[in-house]
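First comes the structure, then the notes that go with it.
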Amino acid sequence: VFDVGYLYSVAGWDVYAGELAMMTCAFLFFGYMNFRGMDFASSIQLILAFALVAGVLILTVGSFSTSTASLDNLFPLFAEGRSPWACVISIVAITPWLFVGFDTIPQTAEEFDFPPEKSRRLMLNSIICGATLYALVLISVAIIIPYTDLLGQNHTWATGAVADMAFGRFGGMILAIPVLAGILTGMNGFFMATTRLLFSMGRGKFLHPWFLKVHPKYGTPTNAVLFTLGLTLIAPFFGRSALNWIVDMSAMGTALAYLSTCLVVYKYASRFADQTPWWSKSVAVVGALTSIACFLMLAVPGSPAAIGVESWIMLLAWVAIGACFYFSRASILRSIPETSMQYMLLGTADRPLLFTPKAAEEEVFEEDDAKSAVELG
């Protein structure tokens with residue numbers, strides 16, 4: 001519908017004015033929602049999530065109810081001409097990027113009214129629900145006819161073609177509603193998380209104070225929303241091929257981010273063993289090893305999931321931008337007192353920073369105790 005007004009091609013992908021107009025309107029809508037506040041954005045998110053779940057369940061029931069539905073249509077289990085190991089590796093390598101959406105819960109939790117401990121349950125439950133929904137869609141598409149025959153028909157949208165087989169002529173149109181809901185929930189969730197992350201980095205002085213501006217009426221990070229909106233409006237002009245390069249680049253960055261998080265968790269669990277569950281260190285080790293494996297699968301040449309030259313170029317450019325941001329703030333970060341940094345990073349000044357040596361910790365706490373005694377006296 002929106003493939004009108006051809007403009008140019010990028011890496012074999014045609015860019016149309018109609019698609020750009022549609023995406024621009026969508027991003028402006030998300031920007032407005034996040035500008036208005038978390039309540040408005042999360043209400044829309046909830047409606048879209050229900051639409052997504054309902055659509056997937058309807059598709060599943062319809063597919064399994066067709067006369068040709070059979071589990072035999074799921075075979076062969078792996079792509080022909082490729083080893084099962086290569087097929088699995090090509091998916092496993094990008095799983096860190098696929099899990100990014102689930103960490104929007106802690107990134108936006110500051111504006112919700114529930115205890116931090118609930119975030120873990122929410123993330124685990126959302127991962128289980130997400131995995132179930134994706135599995136149902138995959139099975140629903142592959143069960144009606146042999147999936148190799150379905151691929152051989154070269155449908156522009158195989159899932160929509162299956163919906164037509166299950167529900168008739170308007171099946172694809174019905175399915176478009178949950179598909180759109182799935183896309184929009186992801187976009188809205190990332191938009192919310194990104195703006196709040198930029199704001200928190202500004203509050204921690206890792207980014208310029210410009211990101212700290214808050215709307216006087218809605219209490220939203222205004223400049224962080226505008227910055228995120230500006231970047232998202234640029235992306236559609238590069239076409240889908242360039243977006244695939246960003247996905248590959250982001251998969252590597254995400255693997256390293258998860259590795260860093262797991263190492264911090266391990267050190268935190270070692271330092272505060274009495275305040276953390278007994279299984280924390282084991283989970284951190286498994287997470288760290290998984291992150292390293294995913295990074296190597298993407299980085300080592302010859303791997304089934306190795307990223308292309310274009311993705312490497314974008315990754316290096318992204319690292320260079322990050323280095324510029326860091327060095328522009330490095331001197332300011334070094335000048336921040338220890339207790340102030342504790343409060344900015346941990347939200348409290350009564351816990352030592354994980355990279356603080358033991359002796360320095362005791363010295364800081366002794367100074368704080370002395371100051372407190374003087375003030376009380």
Side-chain angles (χ1 to χ4, degrees), residues 1-36 40-41 44-45 47-49 51-52 94 96-101 104 107-108 155-160 172-173 175-198 211 220-254 307-322 325:
V1 173
F2 292 95
D3 284 353
V4 293
Y6 171 79
L7 297 176
Y8 51 85
S9 298
V10 178
W13 184 265
D14 297 335
V15 178
Y16 293 90
E19 288 183 339
L20 293 180
M22 176 191 66
M23 295 305 302
T24 299
C25 291
F27 287 135
L28 289 173
F29 176 66
F30 291 127
Y32 174 73
M33 281 198 305
N34 283 269
F35 178 78
R36 284 289 305 273
F40 185 45
I44 298 294
Q45 190 82 346
I47 295 172
L48 293 173
L52 170 63
I94 62 170
W97 183 81
L98 297 175
F99 274 97
V100 167
T104 58
Q107 290 170 3
T108 56
H155 292 289
T156 303
W157 183 25
T159 310
M173 296 177 61
L175 184 63
I177 296 175
V179 168
L180 185 62
I183 295 171
L184 296 181
T185 50
M187 293 168 66
N188 187 37
F190 283 130
F191 204 107
M192 285 193 293
T194 302
T195 54
R196 274 57 184 181
L197 188 60
L198 290 172
F211 289 95
T220 53
T222 308
N223 288 345
V225 170
L226 292 176
F227 181 82
T228 305
L229 178 60
L231 284 182
T232 54
L233 288 174
I234 295 173
F237 287 86
F238 291 93
R240 186 174 296 180
S241 297
L243 294 180
N244 288 333
W245 303 337
I246 295 176
V247 169
D248 292 339
M249 175 195 75
S250 300
M252 296 190 70
T254 307
I307 67 174
V309 176
E310 299 87 354
S311 300
W312 277 110
I313 294 174
M314 296 193 74
L315 178 62
L316 293 175
W318 195 250
V319 170
I321 295 173
F325 268 92

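Since the structure is predicted, the reported quantities are computational estimates derived from the model, not experimental observations. Starting from 1, each residue takes its place in the sequence as its number.
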Run the side-chain donor-acceptor check on residues 176-194: report pairs under 3.5 Å with partners two or more places apart or on a different chain.
residue, atom, partner, partner atom, Å
Thr185, OG1, Ala181, O, 2.9
Thr185, OG1, Gly182, O, 2.8
Asn188, ND2, Ala41, O, 3.2
Asn188, ND2, Gln45, OE1, 2.8
Thr194, OG1, Phe190, O, 2.7

Please tabulate, one pair per line, all N/O donor-acceptor pairs under 3.5 Å involving side-chain atoms of residues 227-238, not counting sequence neighbours.
residue, atom, partner, partner atom, Å
Thr228, OG1, Ala224, O, 2.9
Thr232, OG1, Thr228, O, 3.1
Thr232, OG1, Leu229, O, 2.8

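A search for ring-ring contact (aromatic ring centres under 6.0 Å, His included) contacts involving Tyr6 returns Tyr16, not counting sequence neighbours. Asp3 is linked by a side-chain hydrogen bond (donor to acceptor under 3.5 Å, both in side chains) to nothing, counting only residues two or more places apart in sequence or in another chain. Partners of Ala317 under the side-chain contact (heavy atoms from CB on, under 4.5 Å) rule, at least two apart in sequence or in another chain, do not exist in this structure. For the side-chain contact (heavy atoms from CB on, under 4.5 Å) test, no residue two or more places apart in sequence or in another chain qualifies with Ala49. With sequence neighbours left out, Thr254 forms a side-chain contact (heavy atoms from CB on, under 4.5 Å) with Pro96, Trp97, Val100, Tyr258. Residues passing the side-chain hydrogen bond (donor to acceptor under 3.5 Å, both in side chains) test with Arg240, sequence neighbours excluded: none. The side-chain contact (heavy atoms from CB on, under 4.5 Å) test applied to Leu316 returns no partner, not counting sequence neighbours.
Here the side chains of Met314 and Ile307 are not in contact, with every heavy-atom distance at 4.5 Å or above. Side-chain contact between Phe27 and Met23 is present, with at least one heavy-atom pair separated by less than 4.5 Å. In this structure, Val225 and Leu198 have side chains that are not in contact, with every pair of non-hydrogen atoms separated by 4.5 Å or more.
Of all heavy-atom pairs spanning Asn34 and Thr220, the tightest one is O-CG2, 3.3 Å.
Here the straight-line distance linking atom CG of Leu315 with atom CD of Glu310 works out to 13.0 Å at 0.5 Å rounding.
Residue pairs meeting the side-chain hydrogen bond (donor to acceptor under 3.5 Å, both in side chains) criterion with at least one member in residues 21-33, sequence neighbours excluded: Tyr32-Arg36.
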Quiz item: Please walk me through it: do Asp14 and Ser9 pass side-chain contact (heavy atoms from CB on, under 4.5 Å)?
Solution: CA-CA 4 Å; Asp14 297 335; Ser9 298; 2.6 Å; yes

Exercise. Before giving the answer on side-chain contact (heavy atoms from CB on, under 4.5 Å), spell out for Trp318 and Ile246 the whole-Å C-alpha distance, their side-chain angles and the decisive distance to 0.1 Å.
Key: CA-CA 10 Å; Trp318 195 250; Ile246 295 176; over 6 Å; no

